[in-house]
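Only one structure is covered here, and it is reproduced in the block below.
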Amino acid sequence: MKDVTKMSDDFDRWYTDVVRKAELADWSGVRGMMVVRPYGWAMWEAITRAFDDMIKESGHENWAFPLLIPREYLMKEAEHIEGFAPEVAWVTRAGGNMEELEEPLAVRPTSETIIGPLIKRYIQSHRDLPKLTNQWNSVVRWEMRSRLFLRSREFWWQEGHTFHASAQEAIDEAAMILDYYRSIAEDWLAVPVLAGRKSPAETFPGAVHTLTVEGLMRDGLALQMGTSHYFGQNFARAYDISFSNKENDRELVYSTSWGISTRLVGALVMAHGDDSGLIVPPRVAPVQVVVVPIFRDDQGREKVERFVKEWTPQLKAAGIRHRVDWRDERPGDKYAHWELKGVPIRLNVGGRDADAGQVEMVDRLTRQKVGVPVEGIARRLAQELDDFQKKLYERAAKFQQDNSYELGTLDEVIAHYRDKGGFVWTQWCGESGNCLVCNRPAKYRVALAKAY
RNA sequence: CGGGGAGUGGCGUAGCUCGGAAGCGCACCUGGCUGGGGGCCAGGGGGUCGCGGGUUCAAAUCCCGCCUCCCCGACCA
């Protein structure tokens with residue numbers, strides 16, 4: 001392909017090239033701040049719709065909490081602020097004369113510290129619990145090094161914050177949401193993930209435990225694709241979020257928080273793409289089927305146009321997101337263009353096809369061309385898209401399998417990562433076998449990976 | 001934030017060492033030939049040379065400051 005670095009030559013450049021040439025996103029000129037373009041945003045929208053439906057189904061409600069957080073709020077939970085302090089951006093001046101504010105305001109890096117003190121107003125009794133909140137917003141983290149979608153100073157996400165009357169209920173909530181995230185990754189993005197608990201060092205600041213789903217990218221590095229935290233009463237203690245239980249005793253709530261972000265768009269690029277560009281899973285594809293008309297002159301064009309208009313309404317009725325590319329370009333350009341954009345299925349339609357009452361179907365994975373009658377085409381395409389989604393998942397699952405290893409000693413692990421990537425399973429302080437690091441009986445089975 | 005590199009029409013770049021009319025390819029616009037895998041011909045438009053200051057008769061070019069981007073580290077969804 002023109003102008004895109006080959007994946008095998010330089011994965012990082014390939015990634016940047018694809019994200020920009022496929023019109024997903026760009027840098028803005030303000031360091032670390034990205035512009036998400038419509039084609040990229042449409043993928044995020046598909047994810048947001050899917051997830052929003054899931055959480056509404058289980059009783060969560062969307063709120064909007066403030067962008068700016070008073071310093072005193074932010075400082076309350078000691079571990080939390082210690083973890084986030086290095087990446088918080090502050091508003092210290094305002095107004096026409098840029099006057100210094102008396103109290104600096106933090107631009108939210110995440111909203112535990114503003115939701116806590118605000119939500120307590122609405123929690124008096126166990127009858128007010130659980131309180132299941134979520135918000136769709138953007139947050140700012142003053143990252144020192146940025147990559148489109150994967151690490152930008154501003155990113156878009158959802159942050160769920162829930163408050164419960166018992167520890168078990170909160171623990172269950174965090175686990176349930178993690179499974180939603182697994183579903184988003186696997187069922188929607190076609191990226192198989194490892195779901196599990198983070199080590200203490202990687203636990204979210206202020207959390208009792210942090211659960212994540214981790215996907216494997218095609219360069220062998222792992223990417224965190226969603227996190228769900230159980231806080232115990234840590235934030236409740238910091239903000240005095242309490243309720244009267246059934247015995248009329250005052251008790252601190254148990255809380256959770258969880259998030260997925262626009263990073264997932266980067267994940268699907270890196271998990272599925274190839275040297276020709278993106279490969280987008282049908283369920284989140286802004287364009288699932290593209291029609292490329294082929295003709296020589298006006299009569300040819302009219303003929304193809306009439307033919308295409310006969311059956312495209314069926315696609316619309318069937319809810320298949322499709323586009324007919326009437327741009328004045330040559331067919332070869334259009335093929336390359338839509339391959340770069342990763343559209344799962346392309347239909348080439350010329351005069352010969354019109355005569356035969358068929359189209360030439362090409363899928364982005366195999367690129368094999370097959371004739372498909374327009375009779376019943378909507379149903380056929382729906383089936384093809386379904387198959388495509390499955391094949392894409394299977395391909396990624398095989399990749400994950402082929403890049404997973406079982407190793408016993410630290411030396412083996414170090415040697416492994418000298419020239420390979422992937423997931424390495426091993427023992428860490430466990431019942432069977434000995435700990436990789438200290439060689440004492442291991443307690444956990446752990447997966448390791450180089451990560452983004 | 002540390003170390004290294006770089007900013008020249010939308011994109012990629014030449015020119016900078018040694019100061020003296022801003023060039024090329026792609027993309028774009030117009031017309032024509034074309035059209036089943038990235039085609040061809042002709043004509044055309046578009047640049048405060050990242051920003052600010054300095055040196056000079058004269059700065060893309062030399063000097064100072066800042067901003068942004070890329071690569072490598074530490075930190076991170």
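The structure displayed is predicted, hence computed values, not measured ones. Atoms considered below: every heavy atom in the structure, side chains included; atoms not considered: hydrogens, waters and symmetry mates. Letters A, B, ... mirror the listed sequences (proteins, then strands); counts begin at 1.
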> What is the distance from CE of A:Met144 to C1' of B:C1, rounded to the nearest Å?
Replying inline: 6 Å
>> In whole Å, I'd like the distance from the OH atom of A:Tyr15 to the C1' atom of B:C70.
In response: 16 Å
>> Rounding to an integer number of Å, can you tell me how far A:Asp297 CG sits from B:G35 C1'?
In response: 10 Å
>> Just to verify, which of A:Asn62, A:Ile55, A:Ile119 counts as forming a side chain to side chain contact (heavy atoms under 4.5 Å, CB included) with A:Thr133?
In response: A:Ile119
> Just checking A:Gly29: base, sugar-phosphate only, or nothing, at a heavy-atom cut-off of under 4.0 Å?
Replying inline: sugar-phosphate
> Counting any heavy atom closer than 4.0 Å, what does A:Asp10 reach on the DNA or RNA strands: base, sugar-phosphate only, or nothing?
Replying inline: nothing
>> By the 4.0 Å heavy-atom rule, please label A:Pro86 as base, sugar-phosphate, or nothing.
In response: nothing
> Does B:G31 have a Watson-Crick or wobble partner in any strand here, with both distances under 3.5 angstrom, and which is it?
Replying inline: B:C41
> Roughly how many Å is it from CD in A:Glu143 to C1' in B:G73, rounded to a whole number?
Replying inline: 15 Å
> Side chain of A:Glu329: nearest nucleotide among B:G36, B:G38, B:C28?
Replying inline: B:C28
> Which nucleotide, B:G36, B:G38, B:C72, lies nearest any side-chain atom of A:Arg145?
Replying inline: B:C72
>> Checking base pairs now: Watson-Crick or wobble, both atom distances under 3.5 Å. What partners B:A6?
In response: B:U68
>> Run the side-chain hydrogen bond (donor to acceptor under 3.5 Å, both in side chains) test on A:Ser183 and A:Asp187 for me, step by step, so that the C-alpha distance in whole Å, both residues' side-chain angles and the decisive distance to 0.1 Å come before the verdict.
In response: CA-CA 5 Å; A:Ser183 174; A:Asp187 304 334; 2.8 Å; yes
> Is a salt bridge present between A:Lys198 and A:Glu214, judged by a nitrogen-to-oxygen distance below 4.0 Å?
Replying inline: yes
> Among B:G35, B:C11, B:A77, which nucleotide sits nearest the side chain of A:Ser261?
Replying inline: B:A77
>> Quick check: on RNA chain B, is the nucleotide nearest A:Ala451 upstream (toward 5') of the one nearest A:Val30, or the reverse? Name the residue that is more 5'.
In response: A:Val30
> Given atom CD of A:Glu214 and atom P of B:A77, what is their separation to the nearest angstrom?
Replying inline: 10 Å
> How long is the line joining CG of A:Asp12 and C1' of B:G73, in whole Å?
Replying inline: 14 Å
> Can you tell which of A:Phe84, A:Trp258, A:Phe235 makes a ring-ring contact (aromatic ring centres under 6.0 Å, His included) with A:Phe204?
Replying inline: A:Phe84
> Using a cut-off of 4.0 Å on non-hydrogen atoms, how would the nucleic acid contact of A:Leu223 be classed: base, sugar-phosphate, or nothing?
Replying inline: nothing
> Within the structure, does a side-chain N or O atom of A:Trp142 lie under 4.0 Å from either OP1 or OP2 of B:C75?
Replying inline: no
> Can A:Phe155 be called stacked on B:A77 when the rule is centres closer than 5.5 Å and an angle between planes below 30°?
Replying inline: yes
>> Regarding B:G35, can its base be found pairing with the side chain of A:Lys334 as donor and acceptor, where the two atoms are less than 3.5 Å apart?
In response: no
> What interatomic distance, in whole Å, is found between C1' of B:U48 and the corresponding atom of B:G44?
Replying inline: 23 Å
>> Is there, by distance only and without an angle test, a donor paired with an acceptor across the side chain of A:Arg301 and the base of B:G35 below 3.5 Å?
In response: no
> Nearest to the side chain of A:Arg13 - B:C69, B:C70, B:G38?
Replying inline: B:C70
>> Can you tell me the base-pairing partner of B:A60? Count Watson-Crick or G-U wobble geometry only, both distances below 3.5 Å, and say none if there is no partner.
In response: none
>> Rounding to an integer number of Å, can you tell me how far A:Trp27 CH2 sits from B:G7 C1'?
In response: 17 Å
> Can you tell me the Watson-Crick or wobble partner of B:A74, both distances under 3.5 angstrom?
Replying inline: none
> How would you label the contact of A:Gly226 with the nucleic acid (heavy atoms, under 4.0 Å): base, sugar-phosphate, or nothing?
Replying inline: nothing
> Given that both distances must come in under 3.5 Å, which nucleotide forms a Watson-Crick or G-U wobble pair with B:G47?
Replying inline: none
> Which base sits across from B:G23 as a Watson-Crick or G-U pair, both distances under 3.5 Å?
Replying inline: B:U13
>> Distance check needed: B:G10 C1' versus A:Glu23 CD, whole Å only.
In response: 12 Å
> Taking C-beta and beyond as the side chain, do A:Leu178 and A:Val213 meet within less than 4.5 Å on heavy atoms?
Replying inline: yes
> For the side-chain hydrogen bond (donor to acceptor under 3.5 Å, both in side chains) test, which of A:Ser28, A:Ser146, A:Ser138 pairs with A:Glu154?
Replying inline: A:Ser138
>> Nearest 0.5 Å, please: how far is CG in A:Leu381 from CG in A:Asp387?
In response: 11.5 Å
> Got a donor-acceptor pair under 3.5 Å from the side chain of A:Arg330 to the base of B:U34?
Replying inline: yes
